[in-house]
**Q** 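A single structure is presented below for examination.
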Number of protein chains: 2
Amino acid sequence: MSNITEIARRARVSRTTVSRVLNNHPYVKQDKREAVLKAMQDLNYVPNLNAVNLSRGKTNVIGVIVPTINHPFFSNLIEGIGRGCYKHHYRMLVHQSNYDPGHEIEFFNMLKYKLIDGLILGSSMLSGPVLDELSHYGSVVSCEASGSRLITKVLVNHESGIRMAVEHLRSKGHRRIGLCIGNPASGIGISRKKAFSALLEAYGLEWRDDWYYEGKYSIEDGSAVAASIAGQSLAPSAMVVGSDYVAAGLIKEAARQGIKVPEELAVIGFDNQPIAQVMDLTTIQQPIVQMGETAAAALHLMLTEAERPSDQTLELELIVRQST
Amino acid sequence: MSNITEIARRARVSRTTVSRVLNNHPYVKQDKREAVLKAMQDLNYVPNLNAVNLSRGKTNVIGVIVPTINHPFFSNLIEGIGRGCYKHHYRMLVHQSNYDPGHEIEFFNMLKYKLIDGLILGSSMLSGPVLDELSHYGSVVSCEASGSRLITKVLVNHESGIRMAVEHLRSKGHRRIGLCIGNPASGIGISRKKAFSALLEAYGLEWRDDWYYEGKYSIEDGSAVAASIAGQSLAPSAMVVGSDYVAAGLIKEAARQGIKVPEELAVIGFDNQPIAQVMDLTTIQQPIVQMGETAAAALHLMLTEAERPSDQTLELELIVRQST
DNA sequence: GGTTGCTGTGAAACGCGTTCCATACTTTAT
DNA sequence: ATAAAGTATGGAACGCGTTTCACAGCAACC
């Protein structure tokens with residue numbers, strides 16, 4: 001495999017000139033430029049990007065940490081980040097953390113190692129101070145609220161989403177409202193739970209521990225929630241569920257248990273996933289793909305302008321269907 | 001940021017010795033090793049992996065090409081590849097091609113450029129000969145049948161999947177069976193269509209162009225199919241649908257149109273996605289995550305043993321629910 | 001005692017493109 | 001005509017870890 005030295009020799013110019021041609025530097029005479037291009041053609045030259053990366057000290061690769069890819073929220077997010085990366089000529093390195101802080105820190109090291117130029121956090125288990133510490137190694141954008149004050153955030157307003165959900169249910173006359181979330185230790189989980197309990201308090205509604213479910217991610221989990229609710233003597237009349245999948249499982253199992261939706265139990269989901277559509281599920285639509293694109297664009301800005309863009313909050317939308 | 005030269009100076013050894021410590025080479029005396037480790041600690045040393053990559057001529061990065069991430073088939077596949085990569089200490093670079101051959105070739109160049117050690121094709125629009133040509137640049141594993149004879153394949157037996165579906169429907173007495181697939185030009189699409197028409201022929205069933213739909217990916221697409229079927233004077237009594245999402249949309253819209261499932265229209269999907277469960281959809285389960293893991297493992301084998309592992313075919317399973 | 005074979009260590013070259021600096025030739029401006 | 005500014009090109013250093021080769025020290029072997 002040829003390198004610039006060979007090209008230079010063949011084109012009878014210096015390696016510097018070859019490099020200039022490679023980088024479209026203006027100060028190269030037409031004839032030399034052509035000679036170089038011809039030599040590259042002849043020798044079937046391909047630049048070794050590792051050498052370029054080493055030289056330049058950057059890689060044009062953006063890392064992405066998500067707990068799992070195989071979850072509609074994150075696959076949508078990655079889709080968006082992927083688009084943003086493509087638009088700004090980055091490549092995207094995806095890492096699954098399984099919510100394991102060790103895995104996350106390991107990946108953060110790639111920033112130190114200069115193997116990635118920047119990092120996008122889909123969802124993280126790391127605490128604010130730890131993130132602040134780690135963010136010194138490079139540019140980081142987070143897609144969820146986190147304790148960190150240094151990291152730029154691109155997020156949906158979870159508080160507003162929960163508010164939409166609760167107010168919608170309240171307007172339908174519900175007073176016994178329960179909550180079901182995913183990972184309670186993640187940024188999303190924390191925000192949602194906090195917003196929810198604050199709202200209940202504000203509206204004078206009761207928070208009951210047995211109407212609160214956490215660690216629910218899948219359809220099966222949703223079924224389990226429905227089964228649990230079916231067994232309660234005083235059951236909630238409405239559930240705010242952090243994921244359409246879980247909500248779908250809940251509705252399905254509720255039907256099996258003879259609980260009428262929405263008459264006896266109203267259900268509102270999150271994300272407006274395809275499944276929400278076929279299940280006629282009222283849901284809070286989050287612009288996840290757009291969030292990914294925005295995050296990539298923000299990171300690009302940090303990397304090129306070397307400034308920290310302000311946090312961005314994307315707006316949510318309530319989509320009313322038959323489940324409330 | 002420190003480098004091995006500084007470490008060497010501080011530990012009063014040569015750079016070679018530092019490198020040996022870094023790579024756990026046995027021929028380093030205990031005291032020197034400790035001195036080096038101490039110096040690393042003191043200077044907060046992190047190796048520059050770009051330099052390592054340049055030196056070694058490899059990157060421990062595996063590239064993955066998928067048309068889109070935001071599709072359950074591919075997000076599952078990526079999940080599996082991600083797991084396999086983690087297990088074998090690779091990192092995973094994901095690229096969305098949108099079924100654009102240009103994008104694909106562009107990404108293939110990364111093999112040439114030595115930016116990735118190997119490549120996994122989720123689904124490709126490139127023809128067999130082109131793939132054979134491109135595969136000379138490095139190790140490639142494909143997750144779908146392709147015209148290429150050089151590329152190692154890890155795939156599900158689409159022929160067998162279609163057979164399961166058709167035989168199941170036949171056993172239920174169906175004689176008017178239609179087919180609905182995604183991208184007809186992709187490996188999956190080609191295999192499925194071919195297998196399907198061959199089976200119809202073998203069983204003496206009729207192929208009708210108006211019972212065949214292609215380019216259907218989403219729930220909305222499925223609804224459109226149902227609407228189309230509803231308008232036919234002679235409609236199929238059963239549909240084999242290449243994706244659970246599309247099948248779900250089909251069922252949903254069929255219900256709206258007053259077509260009874262499964263009595264008037266049986267529907268069988270593919271993948272056993274969560275949505276299949278809540279829609280009570282009979283489906284052909286494909287071990288997609290496992291396929292991703294297997295593909296990563298196969299690539300690892302190629303990269304380390306420098307041999308081409310034989311193609312692997314994973315088995316499918318028919319999951320019967322209420323839609324047939 | 002001389003050979004063979006490890007163990008341990010370092011100098012120097014290598015992989016390869018980029019970039020700083022010096023130099024020289026043209027233009028343009030005054 | 002002369003200084004100033006721009007154009008064009010090359011040499012050498014740089015980024016940084018790995019690897020080859022040479023060599024010294026030391027133990028085992030015949």
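Protein chains get the first letters and strands the later ones, always in sequence-line order, with residue 1 at the start of each. The model shown is predicted, which means the values in this text are computed figures rather than measured ones.
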**Q** Rounded to the Å, how far apart are I7(A) CD1 and dC16(C) C1'?
**A** 12 Å
**Q** Is the shortest distance from a Lys or Arg side-chain nitrogen in R83(A) or E79(A) to a carboxylate oxygen in the other one below 4.0 Å?
**A** yes
**Q** Expressed as a whole number of angstroms, how long is the span from N48(B):CG to dC16(D):P?
**A** 6 Å
**Q** Using whole Å, report how far CG of L43(B) lies from P of dG17(D).
**A** 12 Å
**Q** Only one of L121(B), I120(B), D132(B) passes side-chain contact (heavy atoms from CB on, under 4.5 Å) with V140(B); say which it is.
**A** L121(B)
**Q** Under 4.0 Å between any heavy atoms, over every strand shown, what does N23(B) touch: base, sugar-phosphate, or nothing? Just pick one.
**A** sugar-phosphate
**Q** Using the six-membered ring wherever Trp is involved, compare the ring planes of Y99(B) and Y217(B) and label them parallel, tilted or perpendicular (cut-offs 30° and 60°).
**A** tilted
**Q** List in chain and number order the residues that pass side-chain contact (heavy atoms from CB on, under 4.5 Å) with V130(A), two or more places apart in sequence or in another chain; answer none if no residue qualifies.
**A** L126(A), S127(A), L134(A)
**Q** Please pick, from dC16(C), dC16(D), dT19(D), the nucleotide with the shortest atom-to-atom distance to any side-chain atom of N3(B).
**A** dC16(D)
**Q** Give me each pair satisfying side-chain hydrogen bond (donor to acceptor under 3.5 Å, both in side chains) with a member in residues 29-38 of chain A, each pair once, sequence neighbours excluded.
**A** Q30(A)-E34(A), K38(A)-D42(A)
**Q** From CZ of R9(B) over to C1' of dG10(C), roughly how many Å is that when rounded to an integer?
**A** 16 Å
**Q** Check the distance between dG8(C)'s P and R33(B)'s CZ and give it to me in whole angstrom.
**A** 9 Å
**Q** Give the rounded distance in Å between these two atoms: NZ of K58(A) and P of dT19(C).
**A** 10 Å
**Q** Give each protein N/O atom lying under 3.5 Å from an N/O atom of nucleotides 4-12 of chain D, with the pair distance.
**A**
{"residue": "dT7(D)", "atom": "OP2", "partner": "Y27(A)", "partner atom": "OH", "Å": "2.4"}
{"residue": "dT9(D)", "atom": "OP2", "partner": "K29(A)", "partner atom": "N", "Å": "2.6"}
{"residue": "dG10(D)", "atom": "OP2", "partner": "S14(A)", "partner atom": "N", "Å": "3.1"}
{"residue": "dG10(D)", "atom": "OP2", "partner": "S14(A)", "partner atom": "OG", "Å": "3.1"}
{"residue": "dG10(D)", "atom": "OP2", "partner": "T17(A)", "partner atom": "OG1", "Å": "2.5"}
{"residue": "dG10(D)", "atom": "N7", "partner": "R20(A)", "partner atom": "NH2", "Å": "2.8"}
{"residue": "dG11(D)", "atom": "N7", "partner": "T16(A)", "partner atom": "OG1", "Å": "3.3"}
{"residue": "dG11(D)", "atom": "O6", "partner": "T16(A)", "partner atom": "OG1", "Å": "2.9"}

**Q** Can you tell me the distance, in whole Å, between the CD atom of E34(B) and the P atom of dG8(C)?
**A** 14 Å
**Q** Going by an N to O cut-off under 4.0 Å, is there a salt bridge joining R91(B) and D117(B)?
**A** no
